[in-house]
Structures are given as C-alpha cells and as structure tokens.
J.: 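Can you read through this structure? Questions will come right after.
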Amino acid sequence: MGETYRKPHAIMIALPYQGHITPFVNLAIKLASKSFVITFVHLEYIHQTLFGSKNEADLFSKERESGLDIRYTTISDGFPLEFDRVLHSDEYWECMLRDFPARVDEFIAKTMDSEPFLTHFLIADTFYTWLQTIAKKYNLINVSFWTEPALVFSLAYHLDLLKENGHFPCKDNIDEEINYLPGVASISSKDLMSFLKETDETTIVNKVVPKAFEQVKRADFILHNTIHELESEILSALNKIQPNYAIGPINFSKNLAKTITNKSLRAESDCINWLNSKSPGSVLYISFGSFVQTSKQVIEEIAYGLLLSEVNFIWVVRSDTVGSGDANILPNGFEDEVKGRGLIIPWCDQIMVLSNPAVGGFLTHCGWNSILESVWSGIPMICYPLSYDQPTNRKLVVDDWKIGINLCDGGSIDRNTVAEKIKSLISGPSSEAALKHEVKKVNGILENALGADGSSEKNFDQFVNELKAKLNCGNEEVSTI
Ligand code: UDP
C-alpha cells in the first residue's frame, strides 16, 4: 500500500422499508468484501424496531468479526420513536422532504471531520431527494442505488417524455401503448406505476419522485438490483446517458452466503415443521410484502377463494394489512375451517418458505424483492399488484417473462376466480408446467448472472474499478470473504 493511499469509505443511507433495506445491507457487505470501509446508517426508529432499547446493538457485528470494516450508526428523522410513520405517511414524507436533508448534511459533515484519513463517498437510495445536492456541497462522489426493476426506473427517468405525450399524469381508465421511451419496446398505459396515474400533482409521491429523478440525473454511478439479460435494452439505453450497472439480485450474491444474517424488521414465525409435513408443490404462499395495505373486502375474497380452492396455504397477514387497525381482518371462523391445511402468520423468513419443496406457488403483490425471491426459488406466481411499482412489475412477470398469471384480469376481485386461479396454479396440469418451465429459464439467467463470469458479477467489478479510479484510490489488494 502506498503512503498516500486512503481507503475508500462509503457512507450508505437506506430508505426505511424492508424491500430497500435488505438490498442495501447486502450491497454494504459486498462492497466491504472488496476492501471498502462502510458506514451504514439506519434511521433511529428502524434501529429501535430491530433491537428495541438495546442502543449498543450492532447490525453488522458478525460481519466485523469476519474481518469486514462495516461501521453501523443511526440518524434521527426528527420524529419521536413512537410516531406512527405508516398511519401518517403523508405528513412523515412531507417532513422528510423538507427537513431531513439538513440532518443528513450535518451528519455527513461530522462523519467527514471524524475520519480525515479516508476517501469518503455517498451511496443512497434513488428515492432520496438530496443525494447530489449534498454530494456537491462536500465534493463527494455519489452512487444512487435503485432497488426496483430498470423498467420502473426508466419510466420515472423519462417523466418529461411521459408528460409531453399526455401520460403523466395518466388517466387511470385509458389503455394506450407507450412506445416512445428509449429501450422500452412498448408498455400499456394501464401498466404504469400507480403514482404516474395520480391526477393530483400535490400528492407526496408526486413531489418526491420528480425531485429524486432530477437528482439521479447528476449521479456519478447508478446501481440497479436487476439483471442485465432480463432488461438489456432498457439498461443499454440508459447507459447511453449515464453509467448504469445491473448488479442483481444482490441478495443472492454468492460471496455473501457465509456471512449474511437476518436483518428482518419483524419477528418471524417458524413454519418449517408445518411445511415439511406437506407434499411437494402442494402449498400456496401468500404475502403482500412489508407495508402496502389493502381493503377488508379484498382479504375476504381471498379468504373465501382459499376455502373454495381446498389447497394448502401459508398466508402472511400483517397486523397492518388493512389500514383501519381492525384486529379481526379475516372472516369469522376462517382459521378453524382451514385448520390443518392453512397456516396464517404475521411474518416469516420468506426466502426459506419459498425454497421449501412443499411450496408450489406464490400469490404476490409483485414487490420486486418478492419477484426475485420467487424466481430464485423456481416458484411461479399469481399476481395481485396493489400500487406503486407493482402494476409495472406485474407486466414483466406475466406478459414479458410468462412466469406468472393474473389473479383477476381487470375488474374487481371475486372469490370464485380466486379459487379457480389458485387451483390451476397449484394443481392444474398444463398451464402450471409451462409456467414452471419458464421460471426455470429465468432462474437460470439469475444464477448465471451471479456466477464468476456472470453479468452482475462483472458489472459489480467494473463499478468497483471505475469508482476507485474516480475516487483516486488506486487498486489496493482486494480481499474477498
Ligand atoms: N418478507 C419477509 N417475510 C414476510 C413477508 C415479506 O421476509 O413474511 C420480505 C420479502 O422476503 C422481501 C420484502 O419483505 O424481501 C418485501 O419486499 P418487496 O420488494 O417484495 O415488497 P415491499 O415490501 O417493498 O412492497
């Protein structure tokens, strides 16, 4: 190591949601395995959710024991710990938009002061609206990490084109083909993200997204938790404008397997014994992710659909699945009626469940992590997107890759259709075989991308080399865990 060598130091700030935190944690570990020093920053309330009042608890103690230099700290979002950020989500994000940048600014200044012998740079979730402004102020290289598909990124990146063509905001009831976006062959307006269809431009998402995507246009590097082969045209088109690197699925990167620990925000129910008692492919797994909410009526139709279908199932019903705080989300007597073949739990280790041989299908809200985890486990999906990026992700799963079916083709959800779709996925002869065949193919693409010569590994290495060159850090020996 030369005398002037100063190790690169990433200050990483994740968005406070499970689907964003997990890829961030894994990116931190992967970068640390390439000799980066990491300071991983969680919001204080996320730390409290993970560890309760144990202030000294450390998210990365295991990784540090294995020799990685990952430091862990917290930052306040300005709200009391007990403030219900889900219930008051608009108020929360208004303040995050207005006041949080100053907190980050102060935090960065302090961190830089306390570590004068490191070469600092910033990594933040693309949804944050301050990354480039703060990076510019402190003359820092900045990396924007996008945890959803490149298709969704591209749509938000080209808001100006959508606006020019009358597709932002887009009327919810129109069905027009959009074929003018670079790298996007064609997408129906009905498959746009839900926030692009909000006619009220003053909603909080409509304030955050345009601002965040103005910022990302000045990012030094953009990382995507996707796979080049699955979205090659979109990524190539984006690459003509800025350096984009598809490095996914980061949660399954091979060199993480040894150290990865559970960073789940909720307590997990153990369903292994129950699953092991069921025959292969006989169980439907149902989950709507970590935060999206739905109505009691939807829950009822799914419950009655499950009853009619007679299939085995594990259903993750979070206490906040229905916004009202109603404790009796499921129909009266439902749990008794499905005893023995249905398990209802508040949260689980989803990857462990999906990879159990008993599971044959996944009824999903189409969160991007859930899709990647399903493909990784070779499980076909029934799609019921609710909002945000989920309708757009559904298009990839059902229309493009043909590894899933729709729960309802437009219109409202009804129990008979639910039962029919579930039965056809779990025990139907031909359609299920075709879906499984396609999932296997996409699964192969994911596996290859993470192989030593795979596109995601190569892209990651290229990113690391280009980043180090830009940071002027040279190439110190690379240690791998
Ligand atoms: N998840 C989990 N246990 C559950 C339900 C979900 O660990 O019972 C995890 C799931 O594995 C995924 C994340 O929560 O990694 C949800 O992310 P996704 O992008 O699918 O949806 P979001 O929560 O962002 O809507």
Side-chain angles (χ1 to χ4, degrees), residues 12-29 38 40-63 70 72-89 92-93 96 100 124-125 127-128 145 147-148 225 249-252 256 259-271 285-294 314-323 325 329 344-354 364-373 386-390:
M12 298 184 66
I13 308 185
L15 211 67
Y17 298 104
Q18 186 73 64
H20 295 251
I21 289 171
T22 312
F24 250 81
V25 164
N26 288 314
L27 177 62
I29 299 172
I38 309 289
F40 190 97
V41 191
H42 256 331
L43 297 186
E44 272 169 14
Y45 88 91
I46 293 288
H47 175 82
Q48 157 98 3
T49 311
L50 283 167
F51 300 109
S53 52
K54 283 186 247 150
N55 278 333
E56 74 290 352
D58 187 328
L59 191 62
F60 292 100
S61 49
K62 254 180 137 178
E63 285 75 14
I70 310 188
Y72 171 60
T73 187
T74 59
I75 183 172
S76 167
D77 56 12
F79 285 82
L81 292 174
E82 63 280 6
F83 180 77
D84 189 333
R85 290 154 177 84
V86 176
L87 196 63
H88 307 287
S89 145
Y92 180 64
W93 277 102
M96 285 295 275
F100 191 55
D125 196 290
F127 277 114
Y128 277 129
F145 186 26
T147 63
E148 295 175 6
N225 190 24
I250 185 96
N251 298 347
F252 297 104
L256 302 183
T259 55
I260 200 159
T261 49
N262 181 17
K263 318 288 186 195
S264 186
L265 291 174
R266 298 174 191 247
E268 293 163 350
S269 304
D270 184 359
C271 6
Y285 170 67
I286 308 154
S287 160
F288 290 160
S290 62
F291 73 97
V292 86
Q293 298 185 325
T294 186
I314 293 185
W315 189 0
V316 177
V317 182
R318 304 184 328 262
S319 54
D320 55 352
T321 297
V322 175
I329 299 172
I344 294 133
I345 51 170
W347 193 253
C348 65
D349 179 338
Q350 180 163 297
I351 297 170
M352 205 200 63
V353 169
L354 286 170
T364 172
H365 72 309
C366 294
W368 184 235
N369 291 281
S370 293
I371 292 169
L372 292 175
E373 289 160 14
L386 291 160
S387 56
Y388 300 100
D389 57 329
Q390 300 147 23

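From a predicted model like this one, the values you see are computed outputs, not experimental measurements.
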J.: Would you say the side chain of Tyr388 lies within less than 4.5 Å of the side chain of Glu148, judging by non-hydrogen atoms?
T.: no
J.: Looking at CD1 of Ile286 and CD1 of Ile314, how far apart are the two atoms once the value is rounded to the nearest 0.5 Å?
T.: 9.5 Å
J.: Return the set of residues passing side chain to side chain contact (heavy atoms under 4.5 Å, CB included) with Ser76 (not counting sequence neighbours), or none when no residue passes.
T.: Glu44, Arg103
J.: Taking the side chain as C-beta and beyond, is there a heavy-atom pair between Leu59 and Phe51 under 4.5 Å?
T.: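 Leu59 reaches Phe51 side chain to side chain.
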J.: Less than 4.5 Å apart, any side-chain heavy atom of Ile13 and any of Asp125?
T.: no
J.: Under the ring pair (Phe, Tyr, Trp, His ring centres under 6.0 Å) test, which residues partner Phe145, sequence neighbours left out?
T.: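 Partners of Phe145 under the ring pair (Phe, Tyr, Trp, His ring centres under 6.0 Å) test: Phe24.
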J.: Quick one: are Phe252 and Ile351 in side-chain contact, heavy atoms under 4.5 Å?
T.: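 Phe252 vs Ile351: side chains touch.
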J.: How many angstroms lie between atom CG of Leu354 and atom CD of Glu373, to the nearest 0.5 angstrom?
T.: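 One gets 6.5 Å once the value is rounded to the nearest 0.5 Å.
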J.: Carefully, step by step, assess His42 and Ile21 under the rule side-chain contact (heavy atoms from CB on, under 4.5 Å).
T.: CA-CA 9 Å; His42 256 331; Ile21 289 171; 3.7 Å; yes
J.: Could you work out, with side-chain hydrogen bond (donor to acceptor under 3.5 Å, both in side chains) as the rule, every residue matching Trp93, not counting sequence neighbours?
T.: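 Scan of Trp93 (side-chain hydrogen bond (donor to acceptor under 3.5 Å, both in side chains), adjacent residues dropped) gives Tyr17.
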J.: For the residue pair Gly19 and Asn369, what are the closest heavy atoms and their distance?
T.: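 Distance-wise, the nearest heavy atoms are O-ND2, 2.7 Å.
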J.: Within the structure provided, determine whether Cys271 and Ile345 are in side-chain contact (heavy-atom separation under 4.5 Å).
T.: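 A side-chain contact under 4.5 Å exists here.
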J.: If the condition is side chain to side chain contact (heavy atoms under 4.5 Å, CB included), which residues does Thr22 pass it with, not counting sequence neighbours?
T.: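 Applying side chain to side chain contact (heavy atoms under 4.5 Å, CB included) to Thr22 gives Gln18, Asn26, Asn251.
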J.: Checking Asp349 against Ser264 for the side-chain contact (heavy atoms from CB on, under 4.5 Å) test, could you report, in this order, the C-alpha distance in whole Å, the side-chain angles of both residues, the deciding distance, and whether it holds?
T.: CA-CA 8 Å; Asp349 179 338; Ser264 186; over 6 Å; no
J.: State, with a plain yes or no, whether a side-chain heavy atom of Phe291 is found less than 4.5 Å away from one of Val86.
T.: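 Not touching, per the 4.5 Å side-chain cut-off.
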J.: Going by the rule side chain to side chain contact (heavy atoms under 4.5 Å, CB included), which residues pair with Tyr45 if we only count those two or more places apart in sequence or in a different chain?
T.: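 Tyr45 satisfies side chain to side chain contact (heavy atoms under 4.5 Å, CB included) with Pro16, Leu43, Thr49, Asp77, Leu81, Arg85, Tyr92 once adjacent residues are dropped.
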J.: Quick one: does Leu372's side chain get under 4.5 Å of Asn225's, heavy atoms only?
T.: yes
J.: Can you list everything that forms a side-chain hydrogen bond (donor to acceptor under 3.5 Å, both in side chains) with Gln390? Sequence neighbours excluded, please.
T.: none
J.: If you define the side chain from C-beta out and look only at heavy atoms, does anything of Arg266 sit under 4.5 Å from Arg318?
T.: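 With C-beta onward as the side chain, the pair touches.
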J.: Of all heavy-atom pairs between Ile38 and Ala28, which one has the smallest distance, and what is that distance?
T.: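 Residues Ile38 and Ala28, closest heavy atoms: CG1-O, 3.7 Å.
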